[in-house]
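Values below: every heavy atom of this structure, side chains too, minus hydrogens, waters and symmetry copies.
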Amino acid sequence: MILEKVNSPEDLKKLSRSELPQLCEELRAFLVQSVSQTGGHLASNLGAVELTVAIHRVFDTTKDRLVFDVGHQCYVHKALTGRRELFSTLRQLDGLSGFPKPYESVHDAFIAGHASNSVSVALGMARARTLRQEPYSVLALIGDGALTGGLAYEGLNNAGASGEPLIVILNDNGMSISPNVGAMPSHLSRLRSKPAYYHFKKWYRGLFGKRPMENRIYRFNHKLKSSLKKALWPGSTLFEDMGFTYLGPIDGHDLPRLCDVLEWARELGSPVLVHVNTVKGKGYPFAEQNPDKFHGIGPFDPETGLVRGGGKETFSSVFGKTLTDCASEDSRVCAITAAMAGGTGLTPFAKAHPERFFDVAIAEGHGVSMAAGLAAQGMIPVFAVYSTFLQRGYDQLIHDVSLEHLHVVLGVDRAGLVGADGETHHGCFDVLFLSQIPGFTVLCPSNFAELRHMLRQALFEIEGPVALRYPRGGEGNFRDDTAGETVAWLRQGEDVTLLSYGILINHLLEAAELLEQKGIHAGVVKLNRVSPLGPEEAAAIGHVKRLLVLEDSFGAGCVGQRLAAILMEAGLVPDHLILKNLGKTYTPEGTVAQLEERFGLDGAGVAAAVEEAMAHEQ
């Protein structure tokens with residue numbers, strides 16, 4: 001196999017062009033086999049094989065800076081930069097990250113987990129290069145929906161006007177901008193990608209000196225050419241109006257042509273946008289036919305494309321089905337997603353109520369503001385969004401929702417630890433920032449029954465903005481519906497009181513059983529609402545001897561800290577307070593169970609913390 005001989009970009013550069021098609025075929029087979037075992041982002045990487053190979057043929061990423069957007073397109077990049085043997089550990093505890101990480105390799109220029117920031121980051125790097133007078137290229141690889149985020153256009157607008165040598169590669173797989181249609185765009189693309197065209201253009205500009213636009217003849221010819229091109233090929237004008245030299249569209253699976261165009265883009269020494277058309281899921285029929293399913297997928301059978309252990313009910317699916325039922329009962333209920341209809345369980349809603357279903361693409365800030373507009377005019381908007389991505393709508397939550405005290409409902413999916421995607425995707429901030437926004441009610445169901453109950457409360461009973469936060473995956477052993485209570489005592493015990501919210505209540509019940517075996521009697525308290533917190537919650541908890549608060553969020557501003565202050569104000573300070581959370585440490589890849597064990601957030605970790613605290617008291 002050719003792939004076995006490629007352990008670095010230097011090895012790749014030594015291959016003949018005739019060997020590259022086989023290398024790409026082997027890379028695709030490698031991706032399918034590897035991701036079928038570990039899970040991960042498959043379709044996006046299959047579509048970017050030739051493009052990534054071309055980048056490493058032309059550039060040296062030990063010096064040149066390649067900035068990925070979102071980063072889930074980086075698997076081929078990692079395989080070609082000495083990490084192929086680590087793919088058996090992909091997205092696992094202490095294993096290979098599914099996103100670019102500079103601590104892994106000098107070839108990874110920047111951490112990327114959220115969309116639309118690549119051009120802004122790359123422009124900063126390009127400006128630093130110019131200021132430091134250092135010779136290297138800077139590339140931003142954007143696509144797969146990232147161009148639907150507003151930050152991408154802020155970056156493009158500034159980068160085009162800057163004049164900085166910078167290459168933006170738009171990987172257009174049909175999820176960012178519409179494809180060019182017709183014979184003329186194809187003809188012009190072939191013409192503009194020939195070496196003779198660039199050599200002639202460079203020679204022609206040179207005839208008019210360093211400032212050709214100051215020459216009347218050049219300006220006239222340039223204006224005539226631009227007008228004709230805009231009439232025949234309107235798709236290229238947006239980027240050129242921003243100040244980019246537009247190259248494309250290029251067949252993203254034509255490797256020799258990609259290499260030629262990237263070499264020419266590097267020679268131009270100005271802002272360049274290379275528009276590349278690719279097929280998401282290329283080379284694996286199941287992924288080509290269903291790229292959304294294979295965008296991010298768990299372990300699967302490569303022969304059938306079926307997910308192993310799939311089909312189980314989850315918090316997301318229960319949320320989507322319940323919301324669909326509620327919308328059938330009340331015509332004011334509508335749903336919003338940011339390009340995550342399947343992931344957030346809204347596919348049934350989209351089919352049942354298409355006129356009230358809105359996909360705003362990867363634009364969470366816009367989604368929040370649009371929800372505010374819907375609410376201001378009498379609708380009941382529900383924005384289902386992953387916790388980690390809701391962070392990008394923080395400003396709008398304050399200024400467009402909270403200040404107006406609008407009845408916007410957030411379905412905060414993937415709250416808490418989510419596992420294999422690591423630091424950029426854990427939902428460990430939403431409790432902290434939502435609880436700080438005035439007027440927000442934050443509910444935390446522990447199981448499916450409570451989720452159904454609380455969603456109806458959020459839609460039809462509670463005024464103002466409401467957030468329901470729930471985890472990825474299914475429910476635990478605790479199945480009682482306590483949603484009618486703000487504070488629910490699940491177990492009495494005089495030695496220590498264990499308190500938490502959401503799915504973590506299962507670990508507290510397990511810890512209580514473990515402590516009982518040691519002769520330590522633990523009470524278990526569940527908060528169904530973590531914001532607002534006040535005298536009502538303090539009175540329901542009362543004075544306890546020892547209080548442990550368990551959370552899978554960061555420590556600063558956590559519920560435990562706020563609750564301790566409320567208890568102090570009420571004169572109900574516990575004799576001993578134990579806060580079990582993530583502290584100030586970002587959480588890596590790994591299964592949720594592995595991460596909970598590492599941070600002492602599982603039942604055994606909670607029981608051990610109580611025993612340790614009691615031992616120190618003696």
Kindly say whether [Y] contributes a backbone atom to a donor-acceptor pair with the side chain of [X] at under 3.5 angstrom?
X: R529; Y: T486; result: no
X: S553; Y: C428; result: no
X: H407; Y: A375; result: no
X: R491; Y: L498; result: no
X: S387; Y: V412; result: no
X: D400; Y: A372; result: no
X: N506; Y: F478; result: yes
X: R356; Y: V333; result: yes
X: D481; Y: A483; result: yes
X: S402; Y: P438; result: yes

Side chain to side chain donor-acceptor pair (under 3.5 Å) pairs, two or more places apart, involving residues 604-617: K518-E611, R546-E617, H576-E617

To the nearest 0.5 Å, what is the distance between [atom1] on [X] and [atom2] on [Y]?
X: I111; Y: T424; atom1: CD1; atom2: OG1; value: 8.0 Å
X: L533; Y: I541; atom1: CG; atom2: CD1; value: 8.0 Å
X: L346; Y: K351; atom1: CG; atom2: NZ; value: 12.5 Å
X: L595; Y: L93; atom1: CG; atom2: CG; value: 6.0 Å
X: L548; Y: T497; atom1: CG; atom2: OG1; value: 10.0 Å
X: Q594; Y: Q92; atom1: CD; atom2: CD; value: 7.5 Å

Do the side-chain N and O atoms of [X] and [Y] include a donor-acceptor pair separated by under 3.5 angstrom?
X: R562; Y: S435; value: yes
X: T388; Y: H426; value: no
X: S116; Y: R392; value: no

Evaluation steps, salt bridge (charged side-chain N to carboxylate O under 4.0 Å, His left out), between R91 and D421: CA-CA 6 Å; R91 303 167 76 243; D421 283 334; 3.1 Å; yes

Side chains of [X] and [Y]: does their closest heavy-atom pair fall under 4.5 Å?
X: I520; Y: V496; result: yes
X: F383; Y: V409; result: no
X: Q396; Y: V401; result: no
X: F319; Y: V382; result: yes
X: F315; Y: P471; result: yes
X: C444; Y: L527; result: no
X: E513; Y: L509; result: no
X: C326; Y: L459; result: yes

If you draw a 6.0 Å radius around [atom1] in [X], do more than 12 non-hydrogen atoms from other residues or ligands fall strictly inside?
X: Y586; atom1: OH; result: no
X: E463; atom1: CD; result: no
X: E355; atom1: CD; result: yes

Looking at [X] and [Y], what are the two nearest heavy atoms and their distance?
X: A609; Y: I578; result: O-CD1, 4.2 Å
X: A538; Y: A570; result: CB-CB, 4.0 Å
X: G343; Y: Y386; result: CA-OH, 3.4 Å
X: V559; Y: V530; result: CG2-CB, 3.9 Å
X: L96; Y: T89; result: N-OG1, 3.1 Å
X: A352; Y: T324; result: CB-CG2, 3.7 Å

Considering only NZ, NE, NH1 and NH2 on the basic side and carboxylate oxygens on the acidic side, decide whether [X] and [Y] come within less than 4.0 Å.
X: K545; Y: D575; value: no
X: D94; Y: R598; value: yes
X: K101; Y: E423; value: yes

Chi angles and distances behind the salt bridge (charged side-chain N to carboxylate O under 4.0 Å, His left out) call for K526, E450: CA-CA 12 Å; K526 182 162 84 76; E450 291 186 342; 2.8 Å; yes

Criterion side-chain contact (heavy atoms from CB on, under 4.5 Å) on L567 and L577, from CA distance to verdict: CA-CA 11 Å; L567 290 171; L577 176 65; over 6 Å; no

Check: [X] ring centre within less than 6.0 Å of [Y] ring centre:
X: F349; Y: H353; answer: yes
X: F294; Y: H41; answer: no
X: F99; Y: H425; answer: yes

Intermediate values then yes/no, side-chain contact (heavy atoms from CB on, under 4.5 Å), S446 and I503: CA-CA 5 Å; S446 298; I503 196 77; 5.9 Å; no

Step-by-step side chain to side chain donor-acceptor pair (under 3.5 Å) determination, E589 to S97: CA-CA 7 Å; E589 299 81 6; S97 172; 2.9 Å; yes

By ring pair (Phe, Tyr, Trp, His ring centres under 6.0 Å) - contacts of F429 (at least two apart): F554

Residues L390, L397; criterion side-chain contact (heavy atoms from CB on, under 4.5 Å); working and verdict: CA-CA 9 Å; L390 179 61; L397 289 171; 4.1 Å; yes

Check against side-chain contact (heavy atoms from CB on, under 4.5 Å), I297 and V307: CA-CA 8 Å; I297 192 168; V307 178; 3.7 Å; yes

ring-ring contact (aromatic ring centres under 6.0 Å, His included) pairs, two or more places apart, involving residues 482-529: none

Stepwise side chain to side chain donor-acceptor pair (under 3.5 Å) check, D359 with T337: CA-CA 5 Å; D359 188 339; T337 182; 5.1 Å; no

